[in-house]
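Worksheet: one structure, shown below.
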Amino acid sequence: MAKREVDIVVISDVHLGTYGCHAKELLKYLKSVKPKILILNGDIIDIWQFSKSYWPETHMKVVRRILKFVTDGIPVYYLTGNHDEMLRKFADFNMGSFQLMNKVVLNIDGKKAWIFHGDVFDVTMQHSKWLAKLGAVGYDTLILINSFTNWLLTAMGRQKMSFSQKVKARFKEAVKFINQFEQTAADLAVDKNYQFVICGHIHHAEIRQIESTEKTGTVTYLNSGDWVESLTALEYNKKTWTIFKYDPADFNTDADEDDKTDIEDLDAKMDVSLLLARFKQEQD
């Protein structure tokens with residue numbers, strides 16, 4: 001498959017290290033594009049639920065693919081989220097084309113884009129973090145059960161279903177939370193005179209114009225969705241934003257076919273020893 005050239009790719013909420021992560025599908029997607037800028041908008045590695053007993057090879061290959069972009073000189077912005085909040089102590093760290101930040105403002109064709117994960121708008125995160133972490137474990141368990149159920153449905157020739165998406169659609173409070181999240185992001189972006197505001201966190205891909213509550217202006221709100229259920233990304237190309245939705249039919253070839261990245265010595269190119277040394281200095 002020929003690589004698609006894309007100006008900007010934004011992905012978030014990958015949750016590497018959890019059972020719900022669709023690393024194989026993400027790997028195929030990352031191998032299919034050649035971005036000029038890659039933005040990882042939080043919750044890429046799920047440090048909350050990270051376990052040495054569960055780190056499949058495909059999860060490591062996603063990390064190596066991202067490192068491949070770095071070694072190729074493609075700017076990669078890793079913006080921290082709540083599930084990888086441990087990295088926030090290293091914010092503003094950079095090495096070559098890789099930058100670790102909490103948020104970033106980019107000038108995109110003369111328009112300012114404010115990009116951050118969005119967990120700052122989550123009341124549960126601010127006041128009951130233990131409840132949020134408990135919910136994350138429950139969510140991952142639900143996804144695991146859902147995966148088994150879908151395996152059975154596929155075996156019976158029936159259509160797959162998403163438990164959590166059905167729950168979100170059925171409960172008004174979930175819909176209300178998403179709407180409030182989007183409106184809050186839009187209000188702040190309008191106040192700051194940004195033309196784009198780009199978030200993750202709520203696992204709900206979206207592109208739409210939102211007017212501020214005070215009706216002082218509008219902003220284009222975007223959300224990259226996730227790689228747990230919706231399998232979506234944001235792409236910017238030829239001055240237009242679109243939502244990429246993964247479709248297995250578009251990726252008939254094996255993700256590992258004719259790929260040399262997995263055996264390439266990326267460590268030698270990146271000087272990982274220098275990377276670790278700088279992390280240790282920041283921690284001291």
Side-chain angles (χ1 to χ4, degrees), residues 1 3-4 6 9-35 38-72 74 76-84 86-87 98 117 136-137 139-151 154 160 162-165 200-201 203 205 224-235 243-264 266:
M1 179 184 291
K3 293 184 184 294
R4 292 188 298 111
V6 184
V9 167
V10 183
I11 62 173
S12 68
D13 301 275
V14 176
H15 294 276
L16 291 170
T18 66
Y19 292 104
C21 172
H22 283 261
K24 184 177 181 180
E25 290 81 357
L26 175 58
L27 186 62
K28 288 183 178 182
Y29 169 65
L30 291 176
K31 289 181 177 182
S32 74
V33 294
K34 185 178 180 182
L38 174 63
I39 299 172
L40 309 172
N41 199 8
D43 290 359
I44 305 303
I45 299 176
D46 197 321
I47 298 177
W48 276 8
Q49 300 181 75
F50 182 80
S51 171
K52 292 182 180 178
S53 63
Y54 187 76
W55 185 258
E57 184 180 0
T58 51
H59 291 218
M60 191 64 227
K61 286 182 178 179
V62 169
V63 174
R64 289 183 64 82
R65 173 55 50 174
I66 293 171
L67 293 178
K68 174 64 175 173
F69 288 132
V70 175
T71 59
D72 285 347
I74 295 171
V76 175
Y77 295 91
Y78 190 123
L79 309 182
T80 57
N82 50 303
H83 284 254
D84 46 19
M86 186 182 297
L87 298 175
F98 176 82
H117 185 61
V137 174
Y139 177 73
D140 198 38
T141 303
L142 181 64
I143 293 298
L144 188 60
I145 296 172
N146 201 169
S147 297
F148 177 70
T149 302
N150 282 335
W151 179 80
T154 302
K160 292 182 180 181
S162 170
F163 289 172
S164 66
Q165 287 183 355
H201 188 57
H203 294 217
S224 46
D226 69 280
W227 285 86
V228 177
E229 293 182 275
S230 57
L231 280 58
T232 53
L234 291 171
E235 295 184 351
I243 296 175
F244 169 87
K245 172 69 176 175
Y246 181 86
D247 184 347
D250 296 331
F251 297 85
N252 294 320
T253 57
D254 189 342
D256 294 327
E257 186 175 313
D258 298 324
D259 182 38
K260 300 179 180 179
T261 301
D262 297 328
I263 60 174
E264 190 174 352
L266 298 178

Mind listing the closest non-hydrogen atom pair of [X] and [Y] along with its distance?
X    : Y    : answer
V76  : F69  : CG2-CB, 4.0 Å
V14  : I44  : CB-O, 3.7 Å
S12  : S224 : OG-OG, 2.7 Å
G225 : T232 : CA-OG1, 3.3 Å
K3   : K31  : NZ-O, 2.6 Å
L38  : P35  : CB-CG, 4.5 Å

Exercise. Kindly determine whether H83 and D13 satisfy side-chain contact (heavy atoms from CB on, under 4.5 Å), including the steps that lead there.
Key: CA-CA 9 Å; H83 284 254; D13 301 275; over 6 Å; no
Atom pair [atom1]/[atom2] of [X] and [Y] - distance to nearest 0.5 Å:
X    : Y    : atom1 : atom2 : result
R65  : Y29  : CZ    : OH    : 13.0 Å
D46  : H59  : CG    : NE2   : 11.0 Å
L16  : W227 : CG    : CH2   : 12.0 Å
D226 : D43  : CG    : CG    : 10.0 Å
L231 : L26  : CG    : CG    : 8.0 Å
E229 : H22  : CD    : NE2   : 8.0 Å

Practice problem: Look at the aromatic rings of F251 and F244 and report parallel, tilted or perpendicular, splitting at 30° and 60°. | Solution: perpendicular
Exercise. Answer with yes or no whether the side chains of D84 and T80 bring together a donor and an acceptor at under 3.5 Å.
Key: no
Quiz item: So, does D247 use its side chain to make a donor-acceptor pair with the main chain of A249 at under 3.5 Å?
Solution: yes
Exercise. May I ask you to test the L79-I39 pair for a side-chain heavy-atom distance under 4.5 Å?
Key: yes
Quiz item: Counting heavy atoms not belonging to M60, are there more than 12 under 6.0 Å from its CE?
Solution: yes
